[in-house]
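One structure below.
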Amino acid sequence: MEHFLLDIRDGIARLTLNRPERLNAMDEAMMDALMALCRQIEHTQDAYVVILTGAGKAFCAGGDIDAWSSQSADAFGRHWLRDGHQALDALTRLRQPVIAVLNGHVLGGGLELAACADYRIAEDHIRIGQPEPGLGIIPGWSGTQRAVRRFGAQLVRRMALFGEQFSAHDALTAGIVDQVVEKGQGLSAADELANRMRHRGPVATELVKMLINAAEGEERERVFEALAGRIAAVQPELKTGLAAFKDRKKPDFW
């Protein structure tokens, strides 16, 4: 966990990538840590919103090139990409809304990480793009899948196929980010937005996020079963069934 900071106060979970000497580039240990931290946040009852950002001058430089470039093709596909997917999926599927503060350039895996958020605040000095094909590799942490669902296929084509990069303001116009603020003001804007959540029902917010994810094709099966399970769990039938099970009798639901 040494390359992340997690601070949960006043209903807000502040999650910070903390590897500034490597521009917060992610390696295998950070993928594992992100999954564990997402589980911790998910199970923290008094955490209602998440703010994600990076320490230092970067948001996230994506996958650490030194970590993946020496791997065999099998290891790269079987572990690096799969583990990255699992970590970013865990972030995307948090029950809490996630606000990403993009305080530095958002390129490659950094954009894939930002795409996991429900709201993106960009500081006005950053640039956004998908440079991976320029290295002879693909955007492999759902940069051609989730990114297309969230930003649209043509924008991903422009970034991934043709190498186009967007300024913060151009990204706002294109719909890649939701808000642009001056350099150094991202966290203040995120805190203001997060505090608005105090006036919105946490259960309703969680359910709406699940339904939107399902509409996007994100974890649709789990969403439907989770919603159905919540309905079943408050029915008197459950008490009847459990009582009969404990008494080793057949339940009488009628």
Side-chain angles (χ1 to χ4, degrees), residues 24-26 31 34 38 50 52-54 58-63 65 68 73 76-78 80-94 97-180 186 193 208-224:
N24 300 317
M26 292 184 63
M31 294 178 201
L34 180 58
C38 285
V50 180
L52 174 70
T53 193
F59 171 67
C60 174
I65 292 179
W68 63 259
F76 181 76
R78 184 177 297 127
W80 178 265
L81 293 186
R82 185 178 296 177
D83 291 350
H85 264 271
Q86 291 175 345
L88 270 60
D89 286 351
L91 180 63
T92 305
R93 297 170 185 179
L94 281 173
V98 177
I99 303 167
V101 177
L102 311 180
N103 57 319
H105 293 340
V106 184
L107 303 172
L111 178 57
E112 291 167 314
L113 185 69
C116 298
D118 300 287
Y119 194 97
R120 284 165 286 278
I121 298 173
E123 297 190 356
D124 59 9
H125 64 287
I126 72 165
R127 297 194 68 79
I128 293 175
Q130 290 182 313
E132 292 95 332
L135 297 173
I137 199 65
I138 68 164
W141 288 345
S142 210
T144 61
Q145 303 301 305
R146 181 178 294 118
V148 166
R149 295 196 296 269
R150 301 246 161 140
F151 308 139
Q154 191 57 29
L155 287 176
V156 174
R157 284 189 179 98
R158 288 166 63 180
M159 291 186 288
L161 293 182
F162 299 100
E164 186 172 347
Q165 292 188 5
F166 292 89
S167 68
H169 289 284
D170 287 341
L172 177 64
T173 301
I176 300 173
V177 303
D178 302 286
Q179 185 178 352
V180 175
L193 183 61
V208 168
K209 176 172 176 174
M210 290 172 66
L211 290 167
I212 292 171
N213 278 358
E216 285 186 323
E218 184 82 53
E219 58 162 355
R220 182 172 296 166
E221 294 82 2
R222 187 199 72 84
V223 168
F224 289 159

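We're numbering straight along the sequence, starting at 1.
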Subject >> Where Phe59 and Val106 come nearest, the two heavy atoms and their spacing >> reply: CD2-CG2, 4.3 Å
**OP:** To the nearest 0.5 Å, tell me how far Leu111 CG sits from Arg127 CZ.
**Re:** 13.5 Å
Original post:
Taking all atoms of both residues into account, what is the closest heavy-atom pair of Val180 and Ala168, and its distance?
Top reply: CG2-O, 3.5 Å
Original post:
Between atom OG1 of Thr144 and atom CD1 of Ile138, what is the distance when rounded to the nearest 0.5 Å?
Top reply: 6.0 Å
Subject >> side-chain hydrogen bond (donor to acceptor under 3.5 Å, both in side chains) against Asn103, all qualifying residues, sequence neighbours excluded >> reply: Thr53
Original post:
Do any N or O atoms from the side chain of Arg149 and from the backbone of Asn213 form a donor-acceptor pair under 3.5 angstrom?
Top reply: no
Original post:
Quick one: are Leu34 and Leu113 in side-chain contact, heavy atoms under 4.5 Å?
Top reply: yes
Original post:
Can a salt bridge be assigned to the pair Arg93 and Glu218 using a cut-off of 4.0 Å between side-chain N and carboxylate O?
Top reply: yes
Original post:
For Gly143 and Val156, which heavy atoms make the closest approach, and how far apart are they?
Top reply: O-CG1, 3.6 Å
**OP:** Under the side-chain hydrogen bond (donor to acceptor under 3.5 Å, both in side chains) rule, collect the residues that match up with Glu164, sequence neighbours excluded.
**Re:** Arg158
Subject >> Candidate list Arg146, Met26, Glu132, His85, test side-chain contact (heavy atoms from CB on, under 4.5 Å), partner Glu112, passing option >> reply: Glu132
Original post:
Which heavy atom of His125 sits nearest a heavy atom of His105, and at what distance?
Top reply: O-CE1, 3.7 Å
**OP:** Over all heavy atoms of both residues, which pair between Leu107 and Ile128 is shortest? Give the atoms and the distance, please.
**Re:** CD2-C, 3.8 Å
**OP:** Search all heavy atoms of Ala114 against all heavy atoms of Leu102 and return the closest pair with its distance.
**Re:** CB-CD2, 3.8 Å
Subject >> N/O donor-acceptor pair under 3.5 Å between Glu123 side chain and Gly186 backbone >> reply: yes
